[in-house]
Amino acid sequence: MSNHENCYHCGLPNDPQQEFFTTILGQPRQLCCPGCHAVATAIVENGLESYYQFRTEPAEKGDDALDITLAKLAIYDQPELQEEFVYDEGKHKQIQLTIEGITCAACGWLIEKQLIKQAGIKQVAVNVAERRAVVTWESATISLSKILLTIKRIGYHAMPFQPDQHEQSFINEHKRYLKKVGLAGIMTMQVMMLMTGLYFDLFGNIGHETRQYFYWIALVLTTPVVFYSGSVFYLGAFKALAAKTVNMDVPVTIAVLGTYLAGIKSVLLEEGEVYFESICMFVFLLLLSRFLEHRARQKAAQVSANLMQHIPVTANQLDEKGNLTTQLAKSLSVGDKVLVKAGETVPIDGIIERGESRIDESMLTGEFAPVAKVAGDGVYGGTINQNGVLEVRVTATLKNALVNQIIRLQTSALINKPKIAQTADRFSKIFVSIVLVLSALTFGFWSYLGSEQAFWIMIAVLIATCPCALGLATPSALTCAMANLNSHGILIKRADALEQLTKIDTIALDKTGTLTKGAFSIEKQVFAPEIHESTALGIAHALETASEHPIASAFLSNTDFTARNVKVEPGKGLMGHVDGEVFYIGSPQWFAEVTGHTLVVLPLSPNVILFNEHQWLAAFVVSDELKEGTDTVIDELRARYAMCLLSGDTQKQVDKVARALNIQNAMGEMTPESKMAYMQDAQRDGSRVLMMGDGINDAPVLAQADVSVAVGNATDVARSAADVIFLNAELQGVQRVIGIAELTARKIKQNMAWALGYNVSILPFAVSGILHPWMAMVGMSLSSIIVVANSARLLKKDLL
Amino acid sequence: MSIIYVLIPIAVIIVAIAIGVFFWAVKSNQFDDLERHGSSILFDDDIQSKKDD
């Protein structure tokens with residue numbers, strides 16, 4: 001634990017330049033950043049140190065910008081916002097929160113303990129599996145923003161949340177399944193216990209009366225299983241027959257009800273066979289496979305619902321007299337006027353009436369270069385106003401805002417997404433038809449021969465051929481694979497994405513934010529001996545603050561220098577007066593033009609140079625850095641897949657990255673629509689494409705792609721469009737997902753081969769009457785257990 | 001062996017109670033979070049915090 005290279009709190013590498021220490025569990029521990037330091041200190045000061053003792057995963061990196069978020073959280077105190085997601089219970093209020101950053105059970109404990117210490121908090125229940133919490137508080141004593149801040153202090157991000165109706169019905173169904181499976185399981189044990197006694201009555205010591213008594217008890221115990229637990233199958237069968245088709249439920253229904261009714265008849269007439277234990281076991285195992293499948297799907301749905309956080313947007317509405325009122329963005333109508341302060345999110349689409357500013361439209365376009373806007377220009381809801389104050393005239397209601405249009409585009413793309421042929425369904429229909437015909441023939445044949453056992457032989461055929469293991473083959477493997485990926489920070493939203501992953505032949509990538517870090521930074525720098533480092537950086541900053549070029553953001557720092565008379569030379573750079581002296585910052589070519597010298601040989605090839613009229617002062621390599629390890633990942637993927645780059649950035653920038661990564665096919669200046677169209681073309685040509693992206697502009701193409709991955713820090717919209725979500729920003733996850741997907745496909749094949757092989761090879765025995773129903777039952781159970789055990793091998797963490 | 005005529009019905013009643021408890025547990029969300037509560041026994045802070053008070 002006393003590792004000096006990695007942060008004690010979040011496990012990321014420490015910064016050797018800066019050192020942060022906190023005493024945790026009696027030892028000084030090094031932390032990586034002020035954020036982690038603040039969080040760790042808060043945890044220790046609140047006496048919650050044992051979190052570090054029992055946690056099984058490192059925490060998320062602390063947030064440096066605590067103060068900024070504080071102001072933002074205050075909007076959650078407005079009553080008109082709260083009425084949407086807060087349940088008012090008179091004196092108390094209750095809210096459901098989604099919490100980002102929960103990595104293990106200790107997190108749940110930490111949050112509960114931290115919150116319950118606050119005066120006014122009545123009840124806290126954190127659900128680690130769902131990453132949600134329900135908080136009840138006294139509104140008179142503590143405000144909601146304070147609660148959110150308290151959670152923030154210890155390093156988690158809480159957001160109000162409202163489960164949608166869809167999810168609620170999923171949960172209800174989940175509970176129904178759980179009850180049915182539980183009931184069937186408990187009853188199976190009881191009935192099996194009674195019947196085992198009878199099976200082992202080798203010497204006939206159990207009298208007729210006792211035997212009858214046992215049968216009656218077994219009948220009583222089996223009845224709820226047949227009518228309550230088994231109802232799923234009868235309903236399914238009924239629906240299928242009503243639609244004039246057959247499914248797996250049909251033979252199951254015949255077998256269960258047939259055996260049950262025959263059992264009752266035997267008990268009443270006191271002669272013949274009774275197979276109540278077989279019914280119970282049969283229903284239990286089949287139900288278990290349905291339950292697993294349902295749970296896998298529910299988990300996926302939950303993950304995506306968590307991401308669609310309930311973030312209401314507020315607007316400062318400006319009325320005719322210039323009074324400001326706070327409004328919900330969705331209640332604004334066309335023609336209203338709103339004021340957008342610096343640093344605020346533009347609430348809605350509109351036209352600037354007064355003011356000018358730079359606007360960060362990265363959430364729409366994926367590009368981080370802020371766009372300069374003046375009066376008359378359009379602004380879009382969801383973008384961030386970086387510096388000026390704007391008065392905006394609303395041109396579209398929130399429903400018709402650009403961001404919602406993109407979301408609609410994504411929804412339509414999702415509907416049109418290429419479906420994998422439902423071979424399993426078609427296959428099962430044929431299989432079931434054969435089984436039904438075969439059992440009918442068997443019954444006919446044995447009845448014709450006059451056998452009293454004809455009915456039981458038919459039941460044995462139905463049970464022996466029951467595709468129970470076959471039904472478990474896929475969901476059990478998928479569930480295990482998803483659990484494995486989950487433990488590596490990869491969420492699978494759609495289980496069949498894992499099946500499709502093995503079939504892809506092309507990988508399409510977004511550039512900014514996916515391959516690169518998404519912000520310019522100074523990669524390398526050298527300074528002339530005549531100038532001090534901090535002076536050079538200060539001057540550079542002073543000049544660049546006047547610039548709107550995205551490169552300028554790389555030079556932002558705290559400095560006392562101010563520049564006057566700054567002039568922008570387009571395509572070259574900036575010049576201005578700092579402390580009475582003229583300085584230039586710009587391209588190496590411009591340096592040669594101004595000074596007439598060629599640049600001295602430097603240990604780097606700079607693209608930005610700070611100089612005065614006589615000589616160079618500092619040289620910088622400024623770039624949008626590739627994420628660490630990107631090149632090796634791409635190299636490995638290129639060996640197996642066709643790669644292409646789809647970006648909204650300029651072709652020049654895209655080409656640069658493409659060259660660095662050796663990707664042949666690079667497309668720049670693409671809109672959300674053209675990305676989607678490109679994807680559709682590729683799919684028409686028969687390619688199966690994996691798309692990786694992160695921005696809202698990627699959402700439609702993510703929805704259209706055969707399989708899509710939202711890379712860490714992706715926008716909510718991109719995450720909701722994607723099939724696979726990486727919780728961290730690393731690209732390495734792709735290889736893991738593909739690797740696990742391939743292993744899973746292999747497991748499914750093995751399972752299927754086993755299940756089918758068993759069913760087919762047992763069939764002759766069943767048809768020929770050698771197999772009793774209970775033997776068929778035992779065989780079926782063993783077959784299912786083998787399948788599940790085989791799938792469970794996918795749970796091993798270090799599989800790859 | 002006539003004791004089984006008493007014991008088995010008792011067993012059936014107990015099973016019925018067990019199922020009742022199970023249904024209640026499902027209904028009151030006891031099975032919602034299977035990850036967390038396995039380790040909650042490790043945190044014995046409750047005793048400590050009482051001492052602090």
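Chain letters run A, B, ... following the sequence lines, proteins first and then strands; every chain starts at 1.
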For this session: Tell me, with the steps shown, if A/Phe284 and A/Val225 meet side chain to side chain contact (heavy atoms under 4.5 Å, CB included).
Result: CA-CA 8 Å; A/Phe284 175 61; A/Val225 177; over 6 Å; no
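- A/Phe291 does not carry A/Lys180 over the face of its six-membered ring by the limits of under 6.0 Å from the centre and within 45° of the normal.
- Residues B/Phe22 and A/Leu183 fail the side-chain proximity criterion, which asks for heavy atoms closer than 4.5 Å.
- With a 4.5 Å cut-off on non-hydrogen atoms, A/Met187 touches chain B through its side chain but not through its backbone.
- Both the backbone and the side chain of A/Glu209 have a heavy atom closer than 4.5 Å to some heavy atom of chain B.
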For this session: Apply ring-ring contact (aromatic ring centres under 6.0 Å, His included) to A/Phe276 and A/Phe214, showing your working.
Result: CA-CA 11 Å; A/Phe276 291 138; A/Phe214 273 30; over 10 Å; no
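- A/Leu178 touches chain B through backbone and side chain together, each having a heavy atom under 4.5 Å away.
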